[in-house]
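Step one of this worksheet: look at the structure below.
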Amino acid sequence: MSAIEEIYQRLLAGYGHQGWWPLLDCKGTNPTKTGSVRGYHPGDYSYPQTERQRFEICVGAILTQNAAWPNAEKALLNLKSNGMLSPHAMQRAGDDTIKEYVRPAGYFNQKAKKLRIFAAFYLSLRGVVPARDGLLKVWGIGPETADSILLYAYGIPEFVVDAYTRRILISKNIIREQATYGEIKALLERELRKDYCIYQECHALLVEHAKRCYARSQYGEDALLKGLSSGEECTKKPRCHRYI
DNA sequence: AACCAGGACGTGA
DNA sequence: TCACGTCATGGT
């Protein structure tokens, strides 16, 4: 079993199904999670079930860029309660209106602009699934946001690499510190079965584990992944031993 | 009261 | 390519 596969198995056994991506109108909760527990649907990979939910996930992916989810969620609620959680409404709305709604998510000037540009792009799709390079050409959509949209809004097996994933894999000596987004993504997609459910679950589990054990200032035990066999990708010792 | 969160873009070497 | 500055609110 590869190191990646072992990480996935251990985290799933330890934490259980995470139920990503969170949705505002989703009844389910995940009590095992840290932080916000609302909107998750553990073990149910049938979301999004409506076009509105699909768009909500896209918007959430932009709003959560370098921001804590509860803050992005507040912005999402503002948009929804003002009828702005649809691509048409978002495109029509004035810039200042959107800015006021997304303020809690931070970077409100940039994110308001990103949302209106994305809304136009989303409408131009007319229901067609976007290509990854198409998404990347949209201003405000980088690699992680593109993969989040594809994986969680469209159920396409594109692994999402975030700062947490990178931090865990570096500390486990599985990748080098300079590893690029594409390298990490390729590694995970090589080691895991190409299945959007597994990609979603694995990414969510890595985030949950990192929140518990790999926070910058306060770090925990990492008992679940103790003594993990390091992959052959890199033999260099990790520089930061705090994370082990 | 700093520090940081589920990044992306613009710029200059 | 790549390292670095910028964008901004809210929780710990």
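Quick caveat, the model's predicted, so the values are computed rather than measured. In what follows, chains are A, B, ... by sequence order, proteins preceding strands, each numbered from 1.
- Closest to the side chain of A:K114, out of C:dA8, C:dG10, B:dA8, is B:dA8.
- A donor-acceptor pair is defined here as one N or O able to donate and one able to accept, closer than 3.5 Å; no such pair exists between the side chain of A:T97 and the backbone of A:A93.
- Base engagement by A:Q110 is indicated by at least one non-hydrogen atom pair under 4.0 Å involving a base atom.
- At the phosphate of B:dA5, OP1 or OP2 sits under 4.0 Å from a side-chain N or O atom of A:R167.
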For A:K185 and A:E158: C-alpha separation, side-chain torsions, deciding distance, then whether salt bridge (Lys or Arg N to Asp or Glu O under 4.0 Å) applies. CA-CA 8 Å; A:K185 178 179 165 72; A:E158 297 280 357; 2.6 Å; yes
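- In this structure, OH on A:Y45 lies 7.5 Å from CD on A:Q200, to the nearest 0.5 angstrom.
- Judged purely by atom type and a 3.5 angstrom limit, A:D147 has no side-chain atom pairing as donor or acceptor with the backbone of A:V160.
- Taking every side-chain heavy atom of A:Y107 into account, B:dG7 is the closest of C:dG10, B:dA8, B:dG7.
- Atoms CD (A:E183) and P (C:dT1) sit 13 Å apart, rounded to a whole Å.
- If you check every strand for non-hydrogen atoms under 4.0 Å, A:T145 touches sugar and phosphate atoms only.
- Between A:E73 atom CD and C:dT9 atom C1' there is a gap of 15 Å when expressed in whole angstrom units.
- For the P atoms, the distance linking B:dT11 with C:dA8 amounts to 16 Å, nearest Å.
- Sequence neighbours left out, the pairs with a member in residues 107-123 of chain A that pass salt bridge (Lys or Arg N to Asp or Glu O under 4.0 Å) are A:D95-A:R116.
- Within the 4.0 angstrom heavy-atom criterion, no nucleotide atom of any strand lies near A:V161.
- Between A:K74 and A:N66, the one whose closest nucleotide on DNA chain C sits nearer the 5' end is A:N66.
- When each of A:K113 and A:A61 is assigned the nucleotide of DNA chain B bearing its nearest heavy atom, the one mapping closer to the 5' terminus is A:A61.
- Checked against a 6.0 Å centroid threshold, the rings of A:F55 and A:Y122 count as neighbours.
- Residue A:F108 is classed as a sugar-phosphate contact, given heavy-atom separations below 4.0 Å to backbone atoms only.
- For A:W139, the side-chain atoms get nearest to B:dG10 when compared with the rest of C:dC7, B:dG10, C:dG10.
- Counting to the nearest Å, the C1' atom of B:dG7 and the OH atom of A:Y181 are 11 Å from each other.
- When rounded to the nearest whole Å, the span between CD1 of A:I62 and C1' of B:dA8 equals 11 Å.
- Annotation: C:dG5 and B:dC3 have their P atoms spaced 15 Å apart (nearest Å).
- For the pair A:D162 CG and B:dG7 C1', the computed distance is 10 Å after rounding to whole Å.
- Among the nucleotides C:dT9, B:dG7, B:dA5, the one closest to the side chain of A:R103 is C:dT9.
- Taking atom CG of residue A:N71 and atom C1' of nucleotide C:dT9, one finds them 6 Å apart after rounding to whole Å.
- In this structure, A:E100 places its CD atom 13 Å from C1' of C:dA8, rounding to the nearest Å.
- A straight line from CZ of A:F118 to P of B:dG7 spans 17 Å, rounded to a whole angstrom.
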